[in-house]
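Bear in mind the structure is a predicted one, so any value in this text is a computation, not a measurement. Just so it is clear: chains get the letters A, B, ... in the order the sequence lines come, proteins before strands, and each one is counted from 1.
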2 protein chains.
Amino acid sequence: MSLNQLRYFVAIAEEGHIGRASQRLFVSQPPLSRQIRYLEEELGTPLFERTPRGVRLLEAGDTFLIHARRVLAEVDAAIEAVRPPRAAGPPSEPD
Amino acid sequence: MSLNQLRYFVAIAEEGHIGRASQRLFVSQPPLSRQIRYLEEELGTPLFERTPRGVRLLEAGDTFLIHARRVLAEVDAAIEAVRPPRAAGPPSEPD
DNA sequence: AGTGTTTACGGCGACCGTAAATATG
DNA sequence: CATATTTACGGTCGCCGTAAACACT
């Protein structure tokens, strides 16, 4: 499992559409489809239901979505927590 | 940033020694040293202080350690949350 | 000189993108 | 037949391991 897989999963879950998610992520559909499949295999349970109109979250997917968001949020928090003052950040603290 | 980098970082932080961490992770020292360096570069701040006896957590490293552990714990929680009953798990729940 | 970390180099595996195939209405 | 996902194939990037070099006591 990788952080990218989690990001892919969240985007697809939010869009309900792999093609739409691929545009949002600036990636093509095949990698997304594949990574989601790998993720499902690794977790041992399907996350989406494939429909001819897109994809739809299953119960496991809905549960996993909550956790995936928390992981990504925590990663961002970790980065923020050690962000040096000299980094190119929002100019909210002039001194 | 990758989950492996976080795992490496936590192991090194806990051991205070790259060589020791490498044994614990079943990896050789160079990859660990490199990944930590990449991580530091990506974060824009050093995490460890290199000493002739090993490494030592800096303040940023100490802060990051807390978050890294939370990320990894949350990843594990995510996996557990969707773990199927039929998976090959520890035989602690006969039914 | 000994311990520990770092850099150099070669090899392997993973991921992405384009193109073709499959499935549903 | 149109839309959306999936599989096949080729190329590129990243990570790991061994070996050599560097730093400090």
Side-chain angles (χ1 to χ4, degrees), chain A residues 1-62 64-65 68 71-72 75 78-79, chain B residues 1-62 64-65 68 71-72 75 78-79:
Chain A
M1 162 154 32
S2 70
L3 292 176
N4 262 345
Q5 284 178 331
L6 298 184
R7 294 185 196 282
Y8 290 178
F9 168 75
V10 171
I12 295 173
E14 288 177 355
E15 299 290 346
H17 199 281
I18 294 183
R20 191 78 75 178
S22 75
Q23 292 179 11
R24 178 169 141 187
L25 294 168
F26 300 99
V27 204
S28 55
Q29 292 90 346
L32 266 60
S33 179
R34 234 175 325 184
Q35 292 306 319
I36 293 303
R37 181 165 293 277
Y38 291 160
L39 183 60
E40 289 174 326
E41 287 179 4
E42 184 174 347
L43 294 174
T45 184
L47 267 29
F48 292 105
E49 177 189 0
R50 276 73 170 178
T51 75
R53 277 315 189 189
V55 295
R56 189 142 122 177
L57 246 62
L58 296 175
E59 283 193 35
D62 199 58
F64 194 73
L65 177 59
V71 171
L72 296 176
V75 167
I79 294 172
Chain B
M1 162 155 30
S2 70
L3 292 176
N4 261 345
Q5 283 177 331
L6 297 183
R7 295 185 194 282
Y8 289 179
F9 167 74
V10 171
I12 295 173
E14 287 178 356
E15 299 291 345
H17 199 280
I18 294 183
R20 192 77 76 176
S22 75
Q23 293 179 11
R24 178 167 141 187
L25 294 168
F26 300 98
V27 204
S28 55
Q29 292 90 346
L32 266 60
S33 179
R34 236 175 322 183
Q35 293 306 320
I36 292 304
R37 182 166 293 277
Y38 292 159
L39 183 59
E40 290 175 324
E41 287 179 5
E42 185 175 347
L43 294 174
T45 183
L47 266 29
F48 290 106
E49 177 190 0
R50 276 73 171 176
T51 75
R53 278 313 190 192
V55 295
R56 189 142 122 178
L57 246 61
L58 296 174
E59 283 192 36
D62 201 56
F64 193 73
L65 177 59
V71 171
L72 297 176
V75 167
I79 295 172

Close N or O pairs between protein and nucleotides 13-16 of chain C (under 3.5 Å):
unit_1	atom_1	unit_2	atom_2	d
C:dC16	OP1	A:Y8	OH	2.3
C:dC16	OP2	A:Q35	NE2	3.4
C:dC16	N4	A:R34	NH1	3.4

What N/O pairs connect the protein and nucleotides 19-22 of chain D at under 3.5 Å? Give each pair on its own line.
none

Identify all pairs in which a protein N or O lies below 3.5 Å from an N or O of nucleotides 21-25 of chain C, and state each distance.
none

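To the nearest 0.5 angstrom, A:L65 atom CG is 12.5 Å from A:L58 atom CG.
Whole-Å rounding puts the A:Q29 CD to D:dT6 P distance at 11 Å. In this structure, CD1 of B:I18 is placed 5 Å from P of C:dT5, rounded to the nearest angstrom. Distance B:R7 CZ to D:dC15 P: 16 Å, rounded to the nearest Å. We find that CD of B:E49 is positioned 17 Å from P of C:dG4, with the value rounded to whole Å. Counting to the nearest Å, the P atom of D:dT5 and the CG atom of A:L47 are 16 Å from each other. Between B:L39 atom CG and D:dC15 atom C1' there is a gap of 15 Å when expressed in whole angstrom units. If you take CD1 of A:I12 and C1' of D:dT6, they are 13 Å apart, rounded to a whole angstrom. Rounded to whole angstrom, the span from the CD atom of A:Q23 across to the C1' atom of D:dA4 amounts to 13 Å.
The side-chain heavy atoms of A:L39 and A:F64, taken from C-beta on, include a pair separated by under 4.5 Å. Residues B:L47 and B:L57 are not in side-chain contact: their nearest non-hydrogen atoms beyond the backbone lie 4.5 Å or more apart. Taking the side chain as every heavy atom from C-beta outward, A:E59 and A:T45 never approach each other to under 4.5 Å.
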Atom pairs and distances, side-chain donor-acceptor, residues 3-10 of chain A, under 3.5 Å, sequence neighbours left out:
unit_1	atom_1	unit_2	atom_2	d
A:Q5	OE1	A:S2	N	3.0
A:Q5	NE2	A:Q35	OE1	2.9

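Residue pairs meeting the side chain to side chain donor-acceptor pair (under 3.5 Å) criterion with at least one partner in residues 24-34 of chain A, sequence neighbours excluded, are A:E14-A:R24, A:E15-A:R24.
At C:dT7, one or more side-chain N or O atoms of B:R37 fall inside 4.0 Å of OP1 or OP2 (strictly under the cut-off). A sub-4.0 Å separation between OP1 or OP2 of D:dT6 and a side-chain N or O of A:S33 is present. At least one side-chain nitrogen or oxygen of B:R50 sits closer than 4.0 Å to the OP1 or OP2 atom of C:dT6.
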TODO: Toss me the dot-bracket line for DNA chain C: Watson-Crick and G-U wobble, both under 3.5 Å, 5' to 3', using | for pairs to another strand and [ ] for crossers.
DONE: |||||||||||||||||||||||||

